[in-house]
Amino acid sequence: MHNLEAMSEAARYNGWLAKLIERYAPPDAHTEALDFGAGLGTFTKALTVRFDTVHAVEPCPEYWPALSATSALLHKSVGDVPQASIDYAISLNVLEHIDDDHSALRDIHDTLVGGGRLFLYVPARPEIFSAMDTLVGHVRRYRRAELMSKLRAAGFVVEHARYADVLGYFASWLFKISRAGGALNPVAIRLYDRFAFPLSRFLDSAGASRVVGKNLVVVATKGAL
């Protein structure tokens, strides 16, 4: 939980993600949303502003008190969410923890209504897999083509997939070669968030995200197999 709490210090980074969640939300007045792997509820709250009903799926009991403080309906498993009921699903930094990520994507797919949308954010680029990934229980980091293939196999139509946070990619390289322990430093997180992340966003928008980044941003819709 330490690294999750450390990332809560990244106000600009989390604010940017919240804006992306809002940007890709379906334009119509939909009422049902899903946060798959809700954690402390950082992004669940962004959904509750827009949607009448939000389902928060989180299997770890240590996070339940924080989620109970939101207006979301708490579920221990995505299997508890009614099928074909969700208009918009989000999952941020979760899929990389799951051994059978194909089944997880199929389960999310089954909760969506026809044409329902998924916003997915995951760690990218296996070459920067480090002690931090191991510490927090990452099974993998994704390449873009790999993730797109898995989404299509699960029945999704990929709208777009791009890398994000190019400077974070190089910072992760430095973290890896330094052989530092896996724990993130909250002070370093705040400094990166304040000074480096705005520049990283600029470089992403200038075209760097087509090539490389610390994470992948993917938007997909439910389609027929």
Side-chain angles (χ1 to χ4, degrees), residues 1-25 35 37 39-43 45-46 90-97 101 118-151 158-220:
M1 188 169 178
H2 179 274
N3 280 7
L4 194 60
E5 292 174 333
M7 285 306 300
S8 69
E9 300 288 336
R12 289 172 177 81
Y13 184 77
N14 290 331
W16 168 73
L17 284 171
K19 288 179 181 178
L20 284 182
I21 290 169
E22 171 65 21
R23 180 189 304 173
Y24 293 113
D35 188 353
L40 292 168
T42 301
F43 302 107
K45 296 171 186 175
I90 68 169
S91 183
L92 291 87
N93 294 320
V94 174
L95 199 63
E96 67 277 4
H97 293 272
D101 54 352
L118 168 65
F119 174 86
L120 191 62
Y121 189 80
V122 295
R125 308 298 294 236
E127 67 269 22
I128 59 172
F129 194 98
S130 70
M132 183 278 293
D133 294 281
T134 301
L135 179 67
V136 299
H138 289 177
V139 178
R140 69 189 71 80
R141 299 183 75 94
Y142 288 92
R143 295 194 184 278
R144 179 165 49 192
E146 170 199 5
L147 185 55
M148 291 175 67
S149 177
K150 289 183 176 182
L151 282 162
V158 179
E159 295 183 29
H160 78 256
R162 63 177 173 83
Y163 290 108
D165 195 6
V166 60
L167 290 186
Y169 172 83
F170 293 106
S172 296
W173 255 119
L174 292 174
F175 187 89
K176 179 176 180 176
I177 65 177
S178 71
R179 299 183 182 277
L184 296 176
N185 185 321
V187 174
I189 293 295
R190 285 195 296 270
L191 289 173
Y192 182 86
D193 185 62
R194 181 175 180 181
F195 297 108
F197 185 63
L199 176 59
S200 192
R201 281 188 60 195
F202 172 78
L203 294 173
D204 285 348
S205 64
S209 63
R210 292 194 295 268
V211 181
V212 73
K214 178 175 65 66
N215 292 86
L216 273 165
V217 176
V218 182
V219 179

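- When side chains are defined from C-beta on, F129 does not count as touching R140, because their heavy atoms never get closer than 4.5 Å.
- Here the rule is side-chain contact (heavy atoms from CB on, under 4.5 Å) with R12, and of R190, R194, R201 only R194 fits it.
- Ring pair H138/H97 is perpendicular by interplanar angle, where above 60° counts as perpendicular and below 30° as parallel.
- For the pair Y192/L167, a side-chain contact is recorded, criterion being any heavy-atom separation below 4.5 Å from C-beta on.
- Annotation: side chain of R125 is in contact with side chain of Y163 (closest heavy-atom distance under 4.5 Å).
- For the pair V139/D101, no side-chain contact is recorded, criterion being any heavy-atom separation below 4.5 Å from C-beta on.
- Of the possible donor and acceptor atoms, one in the side chain of D204 sits under 3.5 Å from a partner among the backbone N and O of D165.
- Taking the charged nitrogens against the carboxylate oxygens, R143 and E127 do have a contact shorter than 4.0 Å, which makes a salt bridge.
- Counting only heavy atoms from C-beta outward, the side chains of L120 and L147 approach each other to under 4.5 Å.
- For Y142, there are no ring pair (Phe, Tyr, Trp, His ring centres under 6.0 Å) partners two or more places apart in sequence or in a different chain.
- Residues L92 and F119 meet the side-chain proximity criterion, which asks for heavy atoms closer than 4.5 Å.
- Inter-residue side-chain proximity for I90 and Y121 is flagged as unmet; no heavy-atom pair is nearer than 4.5 Å.
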